Amino acid sequence: MRFKLTKEEKNWVLYDVGNSAFMLLISTIMPIYFNYLAGNAGLSDVDYMAYWGYASSIATLVVALMGPICGTMADTKGYKKPIFTISLVVGAVGCISLGFAKNWFLFLIIYIIAKIGYSGSLIFYDSMLSDVTKTERMDNVSSQGYAWGYIGSCVPFIISLVIVLGSNVIGISMETAMTIAFAITAAWWIFMTLPLLKTYQQKYYVEKKPNAIKESFLRLVRTFQNVRKEKKVFLFLLAFFFYIDGVYTIIDMATAYGSALGLDSTGLLLALLLTQFVAFPFAIIFGRLAQKYAAEKLIMICIVAYFCIAVFAIFLSTQLQFWILAIFVGIFQGGIQALSRSYFTKIIPANQSGEYFGLMDICGKGASFMGTTVVSVVSQLTGSVNKGVGMISLMFVIGILLFRYAVRVEGTKDSEEA
């Protein structure tokens with residue numbers, strides 16, 4: 001039976017289409033452009049990848065620290081949409097500004113600011129899921145978001161890719177081509193967000209108190225206390241911290257890794273574009289499978305698959321191997337992200353979704369911080385990017401063990417609704 005989205009669900013999905021364009025850009029063309037700027041400044045390949053990893057780590061650490069407070073404030077009546085909008089503006093303006101940074105260090109600073117805006121907006125966006133759909137539709141709607149995000153983001157990416165790769169033919173410099181690419185991506189991001197800003201209504205919230213900021217801190221403390229008591233949520237977050245570490249690190253550093261190995265830049269970009277096209281149908285497939293099979297089993301399959309991908313990446317040395325890696329990442333990337341998001345939404349209180357997604361963001365961004373930092377440090381200490389990337393596989397092993405334990409625990413919300 002064909003799954004039909006409601007108007008509110010479609011508008012929510014469109015934001016995935018918009019923000020995914022920025023994510024695709026920073027995981028493909030942007031590291032190559034940074035390599036170009038770094039090369040002009042005389043940085044080595046190992047240092048280039050390490051500095052890119054450190055910048056990603058700083059951005060994720062800042063969002064991890066801000067996330068719970070922003071998420072808690074967003075649960076207050078009338079706050080979620082305005083704070084979401086501010087995050088969007090910071091990200092989009094930062095994206096445009098990247099085109100005017102010609103120095104590698106300034107470029108990294110602006111990149112950090114733009115990444116903070118992008119990552120911050122996702123906390124509020126993810127928590128909107130409970131407002132735009134029903135519990136029984138969450139797995140499918142979440143998967144549709146990732147699926148259309150993958151395929152939709154290819155539109156501005158392909159246009160940007162043609163401009164960047166064809167800059168010599170067009171008669172413009174690499175810097176000018178990248179400035180245009182950043183502007184196209186930002187415009188696409190904003191345009192695709194407008195329908196959500198127009199129709200979104202916050203259905204689940206806590207009433208506004210006289211001192212909203214102080215109350216947010218107090219609610220955050222209570223949420224931390226509640227998470228410690230709710231064993232299922234706590235264990236899932238712990239498992240999520242480890243397995244999503246590998247996922248985000250692979251996303252953030254795939255192009256940087258391939259470039260550091262000396263692989264052809266055009267081939268890397270085309271391989272990662274293929275990842276988007278593969279991810280589109282498989283994200284939808286995982287959403288459909290969640291209607292027949294438990295989301296827990298599907299998430300476990302994805303984690304095990306990612307462990308195999310991480311092990312394969314250790315021995316990666318050729319362009320063909322990178323293409324194989326890109327295909328398998330595409331198969332499982334949407335599934336693990338979408339099902340983790342919808343599964344978490346089901347086991348937390350709906351009127352505290354912002355708070356809990358703020359905590360989930362600590363785990364996701366904290367893990368990403370740890371992953372990119374570990375890869376960067378090990379790469380520099382050993383002089384081998386392969387050994388640095390190999391550390392990711394250990395995170396998936398820990399994630400598998402913790403997730404198996406988490407799914408066996410009875411959940412508070414589940415048991416109340418049963």
Side-chain angles (χ1 to χ4, degrees), residues 15 17-41 43 48-49 51-67 70 82-125 153 155-165 167 170 172-194 197 251-253 255-256 259 269 365 368-369 372:
Y15 184 69
V17 175
N19 76 71
S20 294
F22 177 72
M23 192 64 218
L24 182 57
L25 188 73
I26 67 174
S27 61
T28 53
I29 300 178
M30 199 182 295
I32 294 174
Y33 182 57
F34 175 66
N35 190 19
Y36 166 80
L37 295 177
N40 289 342
L43 293 180
Y48 139 72
M49 196 184 86
Y51 287 136
W52 181 257
Y54 292 142
S56 297
S57 297
I58 292 170
T60 52
L61 179 62
V62 171
V63 176
L65 295 174
M66 292 173 50
C70 293
I83 302 178
F84 166 75
T85 305
I86 291 172
S87 299
L88 163 69
V89 171
V90 170
V93 171
C95 181
I96 295 173
S97 302
L98 283 167
F100 301 97
K102 309 306 179 186
N103 173 273
W104 70 269
F105 186 71
L106 177 61
F107 184 88
L108 283 184
I109 292 175
I110 298 175
Y111 162 67
I112 290 170
I113 294 172
K115 186 79 180 291
I116 289 172
Y118 160 80
S119 300
S121 73
L122 293 185
I123 298 174
F124 315 115
Y125 170 67
S153 63
V155 175
F157 175 74
I158 291 174
I159 296 173
S160 299
L161 193 61
V162 169
I163 294 172
V164 172
L165 295 181
S167 57
I170 299 172
I172 59 176
S173 65
M174 168 69 83
E175 290 87 348
T176 301
M178 286 304 302
T179 300
I180 295 172
F182 288 128
I184 289 172
T185 301
W188 176 270
W189 187 1
I190 293 172
F191 180 74
M192 288 296 167
T193 310
L194 295 178
L197 293 176
I251 292 172
D252 284 344
M253 303 195 73
T255 305
S259 296
L269 293 176
K365 297 302 182 293
S368 184
F369 168 79
T372 52

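We use all heavy atoms of the structure for the numbers below, so side chains are in, but hydrogens, waters and symmetry mates are not. All of these numbers come straight from a predicted model, not from anything done at the bench.
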For [X] and [Y], which heavy atoms make the closest approach, and how far apart are they?
X: Ser167; Y: Ala177; answer: CB-CB, 3.9 Å
X: Ala181; Y: Val164; answer: CB-CG2, 4.3 Å
X: Pro156; Y: Ala21; answer: CG-CB, 3.6 Å
X: Ala92; Y: Trp189; answer: N-CZ3, 3.6 Å
X: Leu106; Y: Asn103; answer: N-OD1, 3.1 Å
X: Ala55; Y: Ile112; answer: O-CG1, 3.6 Å

Problem set entry | Step-by-step side-chain contact (heavy atoms from CB on, under 4.5 Å) determination, Ile58 to Tyr111 | CA-CA 10 Å; Ile58 292 170; Tyr111 162 67; over 6 Å; no

Quick one: does [X]'s side chain get under 4.5 Å of [Y]'s, heavy atoms only?
X: Tyr33; Y: Leu98; result: no
X: Phe182; Y: Phe100; result: no
X: Ile29; Y: Met178; result: yes
X: Thr179; Y: Lys102; result: yes
X: Leu197; Y: Thr85; result: yes

What distance separates [X] [atom1] from [Y] [atom2], expressed to the nearest 0.5 Å?
X: Ile96; Y: Ile110; atom1: CD1; atom2: CD1; answer: 12.0 Å
X: Ile180; Y: Ile163; atom1: CD1; atom2: CD1; answer: 5.0 Å
X: Trp104; Y: Trp52; atom1: CH2; atom2: CH2; answer: 12.5 Å
X: Met30; Y: Phe22; atom1: CE; atom2: CZ; answer: 5.0 Å
X: Ile26; Y: Phe34; atom1: CD1; atom2: CZ; answer: 13.5 Å
X: Met192; Y: Ser153; atom1: CE; atom2: OG; answer: 10.5 Å

Exercise. Is Ser20 reaching over with its side chain to a backbone N or O of Val17, donor-acceptor style, under 3.5 angstrom?
Worked result: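 No, the answer is negative, given that no donor and acceptor are paired below the 3.5 Å cut-off.
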
Problem set entry | ring-ring contact (aromatic ring centres under 6.0 Å, His included) partners for Phe157, two or more places apart |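 Result, ring-ring contact (aromatic ring centres under 6.0 Å, His included) vs Phe157: none returned.
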
Exercise. Which of these, Val155, Asn19, Ile159, Leu25, sits in a side chain to side chain contact (heavy atoms under 4.5 Å, CB included) with Trp188?
Worked result: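 Only one option passes, and that is Val155.
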
